[in-house]
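Below: one structure, written as structure tokens.
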Amino acid sequence: MTAWSLTPTDALLVIDMQRDFLPGGALAISGADAILPGINTVAFRFQHVVLTQDWHPRGHISFASTHQGRVPSTQTPALAPEGRLILHTPYGVQELWPDHCIQDTAGAALHPGLSIPHAELILRKGLHPQIDSYSAFMENDHQTPTGLAGYLRERGITRLFFCGLAYDFCVGFSAVAAARLGFASIVIEDLTRAVDLPNTVRSINTAFAGAGVVRIGWAALAEG
Ligand code: VGL
Ligand code: ZN
């Protein structure tokens with residue numbers, strides 16, 4: 001097995017390990033609790049750790065409830081062929097979700113089982129009422145940066161390892177965006193879990209291959 005030696009120019013990005021995405025939460029991802037201990041362990045091998053929080057205002061565009069009962073308008077939810085509820089927006093197709101990670105609610109809090117005292121930045125995303133942000137770098141309009149790339153570059157960080165939730169959404173979109181922005185981008189696959197809607201895992205794997213995102217298992221990092 002290839003062992004990866006870490007350097008001070010590496011960072012671990014821990015994506016959206018929030019109560020709402022873990023069992024019992026509003027958008028619970030199955031098996032998400034199983035990755036907590038490994039994330040805590042691996043984080044200690046990194047000098048730099050950044051956490052992200054999905055952090056939506058009430059009535060966010062990505063909430064199915066926002067669009068219920070609306071008269072047909074420019075923003076009417078549609079049923080995609082696979083049975084997913086989607087919304088056609090000015091920036092493209094947006095999946096609709098249960099209300100989740102509403103700013104300053106218990107569900108938006110980082111999971112109490114996460115223990116990374118040396119994490120240096122908590123980046124919040126998805127704040128814009130009319131634009132979702134799966135990626136920690138770029139909102140879903142593909143135009144509005146979050147500032148994270150600038151933060152990391154200014155600090156001399158060149159290689160990023162990703163873990164957290166969800167593999168096929170925020171972890172995946174973040175890793176692809178990072179690769180496109182010129183960072184070496186590595187997903188620690190067994191420290192993530194997928195929402196796993198029809199085709200979402202397959203399509204993110206295709207995007208990883210296209211963008212040069214590398215997938216590893218955490219055992220490759222575990223030893224000092
Ligand atoms: C996420 C769905 C909606 C994620 C966030 O963190 O992957 N998924 N909002
Ligand atoms: Zn969200």
Side-chain angles (χ1 to χ4, degrees), residues 12-36 39 50-67 77 80 82 84-87 89 91-111 113-114 122-142 144 146 148 160 162-178 185 187-205 207-208 213:
L12 178 68
L13 271 75
V14 180
I15 305 294
D16 297 0
M17 288 298 288
Q18 294 162 269
R19 285 178 185 269
D20 270 345
F21 293 127
L22 277 91
L27 212 173
I29 296 165
S30 102
D33 43 348
I35 65 177
L36 265 168
I39 290 176
V50 171
L51 313 178
T52 67
Q53 269 180 311
D54 210 32
W55 198 253
H56 300 310
R58 282 178 204 283
H60 191 249
I61 191 167
S62 75
F63 298 169
S65 67
T66 300
H67 311 282
E82 306 98 341
R84 282 152 63 178
L85 198 59
I86 56 160
L87 185 73
T89 75
Y91 61 77
V93 169
Q94 170 70 52
E95 294 78 20
L96 295 178
W97 305 101
D99 292 15
H100 65 279
C101 298
I102 295 173
Q103 295 169 1
D104 229 12
T105 59
L110 291 169
H111 194 276
L114 199 67
I122 301 176
L123 181 102
R124 290 170 169 172
K125 62 183 181 59
L127 291 100
H128 194 298
Q130 295 298 326
I131 313 174
D132 202 5
S133 191
Y134 293 145
S135 164
F137 294 91
M138 193 66 85
E139 299 193 8
N140 287 9
D141 64 359
H142 305 293
T144 311
T146 63
L148 181 58
L160 306 177
F162 291 88
C163 63
L165 301 168
Y167 180 78
D168 41 352
F169 286 94
C170 292
V171 172
F173 280 61
S174 298
V176 168
S185 180
V187 173
I188 311 171
E189 213 169 356
D190 49 359
L191 295 183
T192 68
R193 287 292 183 274
V195 180
D196 202 9
L197 300 177
N199 290 325
T200 53
V201 170
R202 193 167 39 158
S203 96
I204 205 66
N205 285 340
F208 285 167
V213 174

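Ligands are counted one by one from 1 in listed order, and the atoms in each one are counted from 1 as well.
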Ligand 1 N/O to protein N/O, distances under 3.5 Å:
from, atom 1, to, atom 2, distance (Å)
ligand 1, 6 (O), Asp16, OD2, 2.6
ligand 1, 6 (O), Leu165, O, 3.4
ligand 1, 7 (O), Ala166, N, 3.0
ligand 1, 7 (O), Cys170, N, 3.0
ligand 1, 9 (N), Asp54, OD2, 3.0
ligand 1, 9 (N), His100, NE2, 3.0

Evaluate Asn205 against Tyr167 for side-chain hydrogen bond (donor to acceptor under 3.5 Å, both in side chains), listing each step before the verdict. CA-CA 10 Å; Asn205 285 340; Tyr167 180 78; 2.5 Å; yes
Should the ring pair Phe21 and His100 be called parallel, tilted or perpendicular, given that the plane angle runs from 0 to 90° and is split at 30 and 60? tilted
Pairwise distance OG1(Thr144) to CD1(Ile131) - rounded to 0.5 angstrom: 4.5 Å
List-wise, which protein N, O or S atoms are found short of 2.8 Å from the Zn ion (ligand 2)? Asp54 OD2, His56 NE2, His100 NE2
Using side-chain contact (heavy atoms from CB on, under 4.5 Å) as the criterion, point out the one residue from Leu148, Leu160, Val14, Ile122 that pairs with Val50. Leu148
Is a donor on one side and an acceptor on the other found under 3.5 Å between the side chain of Asp33 and the backbone of Leu22? no
Do Val187 and Thr192 come close enough that some side-chain heavy atom pair is under 4.5 Å? yes
Report yes or no: does His60 contribute a side-chain atom to a donor-acceptor pair with the main-chain N or O of Asp99 at less than 3.5 Å? no
Would you confirm whether Asp20, through its side chain, and Ala26, through its main-chain N or O, come within 3.5 Å as a donor-acceptor pair? yes
Please answer whether the main-chain N or O of Leu123 pairs with a side-chain N or O of Thr52 as donor and acceptor at a distance below 3.5 Å. no
